[in-house]
Amino acid sequence: MGEQLGLLKVTVVQGKKLVIRDFKSSDPYVVVKLGNQTSKTRVINSCLNPVWNEELSFTLTEPFGALSLEVFDKDRFKADDKMGHAQLSLQPIASAARLKQILHVCSGETVLRKVVPDTDNCLARESSISCIDGEVVQSVWLRLCEVESGEIELKIKLIDPPVASSR
């Protein structure tokens with residue numbers, strides 16, 4: 001296992017224009033994965049623009065990959081339907097956290113980096129990574145892939161690991 005970089009707190013804020021997978025609506029929930037760690041939100045019934053505001057926590061260790069998410073429609077009597085997936089590279093937020101440590105930014109709000117939509121991410125629009133009162137924070141809208149429509153808003157916070165005491 002690699003070096004612990006910190007605690008990644010992912011708030012699944014909301015979904016927008018999700019696809020219909022039942023008769024007139026869907027019952028969406030989101031599964032978020034980082035490496036072998038998985039967490040999921042609650043199901044919101046009959047809603048194509050759900051608001052979850054649920055915080056999920058993951059341990060970020062080297063080497064790290066992308067944060068991935070899948071949206072599903074909860075079904076009672078058959079397998080849950082897929083409603084799209086997305087991924088987000090964590091490299092920008094990790095490098096912004098290193099920059100924060102180098103610059104010793106700890107109070108107020110400072111924009112550390114901007115991230116634009118490209119082939120490495122599913123960003124729907126430009127995102128900025130800021131240091132807000134010592135915490136590295138990124139707010140993103142991710143476009144869902146392999147589906148007709150849908151976006152998911154996440155707020156991501158990278159919290160520094162506790163400093164080990166010297167021996």
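Model, not experiment: these values are computed from the prediction.
Contact record, Cys122 with Cys145: SG-SG, 3.5 Å, taken as the closest heavy-atom pair. Of all heavy-atom pairs between Leu34 and Ala66, the closest is CD1-O, 3.9 Å. Between Ala97 and Leu158, the shortest heavy-atom distance links the atoms CB-CD2, 3.6 Å. Closest non-hydrogen pair, Val12 versus Val30, comes out as CG1-CG2, 4.0 Å. The two atoms that bring Ser25 and Cys47 nearest to each other are OG-N, 3.1 Å, heavy atoms only. Heavy atoms only, all atoms of each residue included: Val115 and Pro92 are closest at CG2-CB, 3.7 Å.
Residues Ile44 and Leu154 fall within the same hydrophobic cluster, defined by Ile, Leu, Val, Met, Phe, Trp and Tyr side chains chained together at heavy-atom separations under 4.5 Å. A single hydrophobic cluster is not seen to contain both Val13 and Val140; linkage of ILVMFWY side chains at heavy-atom distances under 4.5 Å, directly or through other members, places them apart. A continuous path of ILVMFWY side-chain contacts below 4.5 Å connects Phe58 to Leu69, so both sit in one hydrophobic cluster. Residues Val71 and Val31 are members of separate hydrophobic clusters, defined by side-chain heavy-atom contacts under 4.5 angstrom among Ile, Leu, Val, Met, Phe, Trp and Tyr. Placement of Leu48 and Leu144 in two distinct hydrophobic clusters is found when ILVMFWY residues are connected by side-chain heavy-atom separations under 4.5 Å, directly or transitively.
Within the model, atoms CD1 of Ile102 and CG of Leu112 stand 10.5 Å from one another, a figure rounded to the nearest 0.5 Å. Once rounded to the nearest 0.5 Å, the distance linking CD of Gln37 with OG1 of Thr59 reads 5.0 Å. In this structure, the separation between CD on Gln138 and NZ on Lys114 is 11.0 Å, given to the nearest 0.5 Å. How far CG of Leu99 is from CD1 of Ile129: 10.0 Å, rounded to the nearest 0.5 Å. Between Thr110 atom OG1 and Ile132 atom CD1 the span is 9.5 Å, to the nearest 0.5 Å. Atom CG of Leu90 sits about 6.0 Å away from atom CZ of Phe64, to the nearest 0.5 Å.
Thr11 pairs in a side chain to side chain contact (heavy atoms under 4.5 Å, CB included) with only one of the listed residues (Lys155, Lys157, Glu54), which is Lys155.
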- Query: Given Trp141 and Leu123, is the side-chain contact (heavy atoms from CB on, under 4.5 Å) satisfied, shown in steps?
  - Reply: CA-CA 6 Å; Trp141 277 96; Leu123 289 180; over 6 Å; no
- Would you please test Glu135 and Lys100 for salt bridge (Lys or Arg N to Asp or Glu O under 4.0 Å) and show each step? CA-CA 9 Å; Glu135 294 182 327; Lys100 178 199 95 162; over 6 Å; no
- Query: Going through the checks in order, is the side-chain contact (heavy atoms from CB on, under 4.5 Å) test met by Leu88 and Ile156?
  - Reply: CA-CA 11 Å; Leu88 177 70; Ile156 300 167; 3.2 Å; yes
- Would you sort out whether Trp52 and Ile152 count as a side-chain contact (heavy atoms from CB on, under 4.5 Å), showing the intermediate values? CA-CA 10 Å; Trp52 288 280; Ile152 297 289; 4.0 Å; yes
- Task: Test side-chain contact (heavy atoms from CB on, under 4.5 Å) on Leu7 and Ser57 and set out the steps.
- Result: CA-CA 7 Å; Leu7 183 65; Ser57 295; 4.2 Å; yes
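Note on residues 64-76: pairs passing side-chain hydrogen bond (donor to acceptor under 3.5 Å, both in side chains), not counting sequence neighbours, are Asp75-Lys78.
Remark: side-chain polar atoms of Asn45 are not paired, donor with acceptor, to backbone N or O of Asp27 under 3.5 angstrom. At least one donor-acceptor pair closer than 3.5 Å links the side chain of Ser89 to the backbone N or O of Gln91. In this structure, Arg113 contributes its side chain and Ile93 its backbone to no donor-acceptor pair below 3.5 Å.
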For a quick test of your reading: what N or O donor-acceptor pairs under 3.5 Å do the side chains of residues 14-24 make, sequence neighbours left out?
residue : atom : partner : partner atom : Å
Gln14   : NE2  : Glu153  : OE1          : 2.7
Arg21   : NE   : Lys82   : O            : 3.0

